[in-house]
Amino acid sequence: MNKITIAIDGFSSTGKSTVAKQLAKHLGYVYVDTGAMYRAVTFYAMENGLIGDKDFNVEALIYKLPNIEISFKFNETLGFAEVYLNGINIEKKIRTLEVSGFVSKVAAVSEVRQKLVEQQQEMGKNMGVVMDGRDIGTVVFPKADLKLFMTASTETRAKRRYDELIERGDQVKYVDVLKNVEERDYLDSNRKDSPLVKAKDAIEIDNSNLTLQQQFDKILQLVNKTLEDC
Ligand code: DC
């Protein structure tokens, strides 16, 4: 059977990674969380004192980019691939509100994007991939067989992210999570290089009022239709 490339884009906390993981498992495809890659570079910048509340040493980060090696390793127990930075598992460390607070600034740096996009294209070149992010259908795989653009109301998304962080044991306030979601929406959509936009041929899925099962069934129908047409 033909294998296809599925690109899932959208604002933060629209449930992209949840449905991408479900699809990859169902289809036996590779799942790539490109947000985790931008978070990994951000974590590196934080650990190395290159970004903080007041300054961001963009030149130093660009200079250090060759020292940043990002990889994924499948975790059988979790059922998805965890992200590694220079051989160290940083999956949990990149999901904090602190990393979320800096990541959009790092993701706006063209040199960072160029390096990560190249790696993403390499990871998806053999098809059979579900990749989620902000520029997958527009820049990374403009010829993807199926492009989805996920949306949900800002409050729904902030509540989802807040619940996730609380469940992990992070002490966060809902207002701070909401502020972060709004700020990232703005920065991700307004940056010069590869801003978050809906690809012309992407299918929009508003999941504000869909259960996970309803969303999965709807998207699986689209996948099956795409597979039939291939
Ligand atoms: O999907 P996420 O929330 O983990 O992504 C974190 C940030 O990384 C997001 O706010 C913008 C950036 N990003 C990007 O610019 N391009 C991508 N393909 C994926 C994420």
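Numbers here are sequence positions counted from 1.
- Contact record, V129 with Y29: N-CD2, 3.6 Å, taken as the closest heavy-atom pair.
- Every residue two or more places apart in sequence or in another chain that forms a side-chain contact (heavy atoms from CB on, under 4.5 Å) with V112 is listed here: Y38, V41, L61, L65, V106, V109, L116.
- Counting only heavy atoms from C-beta outward, the side chains of I90 and Y44 never approach each other to under 4.5 Å.
- Across every non-hydrogen atom of A199 and G137, the tightest pair is CB-O, 4.0 Å.
- For the residue pair A158 and V177, the shortest heavy atom distance occurs at O-CG1, 3.6 Å.
- Grouped with Y84 in a hydrophobic cluster is no other residue, since no side-chain heavy-atom contact under 4.5 Å to another Ile, Leu, Val, Met, Phe, Trp or Tyr is found.
- A donor-acceptor pair is defined here as one N or O able to donate and one able to accept, closer than 3.5 Å; such a pair exists between the side chain of D206 and the backbone of S208.
- For D55, there are no salt bridge (charged side-chain N to carboxylate O under 4.0 Å, His left out) partners at least two apart in sequence or on another chain.
- Under the 3.5 Å distance criterion, the side-chain polar atoms of D9 are left unmatched by any main-chain donor or acceptor of V197.
- Residues satisfying the salt bridge (charged side-chain N to carboxylate O under 4.0 Å, His left out) test with E183, not counting sequence neighbours, are K179.
- Looking at K198 and T151, their side chains never come closer than 4.5 Å, going by heavy atoms from C-beta outward.
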Inset, instruction - Determine, stepwise, if the pair D145 / I6 fulfils side-chain contact (heavy atoms from CB on, under 4.5 Å). - result: CA-CA 6 Å; D145 305 282; I6 304 172; over 6 Å; no
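- Salt bridge status for K125 with E122: present, with a side-chain N to carboxylate O gap under 4.0 Å.
- Take R191 and apply the salt bridge (charged side-chain N to carboxylate O under 4.0 Å, His left out) test, not counting sequence neighbours, and it matches D188.
- Here E59 pairs with nothing under the side-chain hydrogen bond (donor to acceptor under 3.5 Å, both in side chains) rule; sequence neighbours left out.
- Take K147 and apply the salt bridge (charged side-chain N to carboxylate O under 4.0 Å, His left out) test, not counting sequence neighbours, and it matches D201.
- The closest donor-acceptor contact from the side chain of N57 to the backbone of L50 lies at 3.5 Å or more, if one exists at all.
- Under a cut-off of 6.0 angstrom, the local environment of NZ in K64 is sparse, with at most 12 non-hydrogen atoms contributed by other residues, nucleotides or ligands.
- T211 and Q214 make their closest contact through N-OE1, 2.8 Å (heavy atoms, listed as atom of the first residue, atom of the second, distance).
- Under the ring pair (Phe, Tyr, Trp, His ring centres under 6.0 Å) criterion, Y186 pairs with no residue, sequence neighbours left out.
- No side-chain heavy atom of E164 sits under 4.5 Å from any side-chain heavy atom of S13.
- Taking 4.0 Å as the cut-off between side-chain N and carboxylate O, R95 and D33 count as a salt-bridged pair.
- The closest side-chain heavy-atom distance from I4 to V223 is below 4.5 Å.
- At a threshold of 4.5 Å between non-hydrogen side-chain atoms, the residues S71 and E69 count as touching.
- Not a single donor-acceptor pair under 3.5 Å links the side chain of D132 to the backbone N or O of I8.
- Taking D193 as the reference, S110, R113 meet the side-chain contact (heavy atoms from CB on, under 4.5 Å) condition, with sequence neighbours excluded.
- Residues L23 and V30 fall into different hydrophobic clusters, defined by Ile, Leu, Val, Met, Phe, Trp and Tyr side chains chained together at heavy-atom separations under 4.5 Å.
- The two residues K93 and V99 have their closest heavy-atom pair at O-CG2, 3.6 Å.
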Inset, instruction - Dump the intermediate steps for side-chain contact (heavy atoms from CB on, under 4.5 Å) on L148 and V19, then the final yes or no. - result: CA-CA 11 Å; L148 302 173; V19 73; 5.7 Å; no
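- Cation-pi contact between K105 and F56: absent, since separation from the ring centre below 6.0 Å together with deviation from the ring axis within 45° is not met.
- Counting heavy atoms from C-beta outward, D53 and F102 have side chains that approach closer than 4.5 Å.
- A donor-acceptor pair is defined here as one N or O able to donate and one able to accept, closer than 3.5 Å; no such pair exists between the side chain of D170 and the backbone of L97.
- By the 4.5 Å side-chain criterion applied to Ile, Leu, Val, Met, Phe, Trp and Tyr, M127 is assigned to no cluster and stands alone.
- Residues passing the side-chain hydrogen bond (donor to acceptor under 3.5 Å, both in side chains) test with D217 are Q213, sequence neighbours excluded.
- Here the closest non-hydrogen pair linking S12 and R184 is CB-NH2, 3.5 Å.
- R157 places a side-chain N or O within donor-acceptor distance of the main-chain N or O of A152, the cut-off being under 3.5 Å.
- Inter-residue side-chain proximity for V139 and R134 is flagged as unmet; no heavy-atom pair is nearer than 4.5 Å.
- In the hydrophobic clustering (ILVMFWY side chains linked at under 4.5 Å, chained through shared members), F11 is joined by F149, L196.
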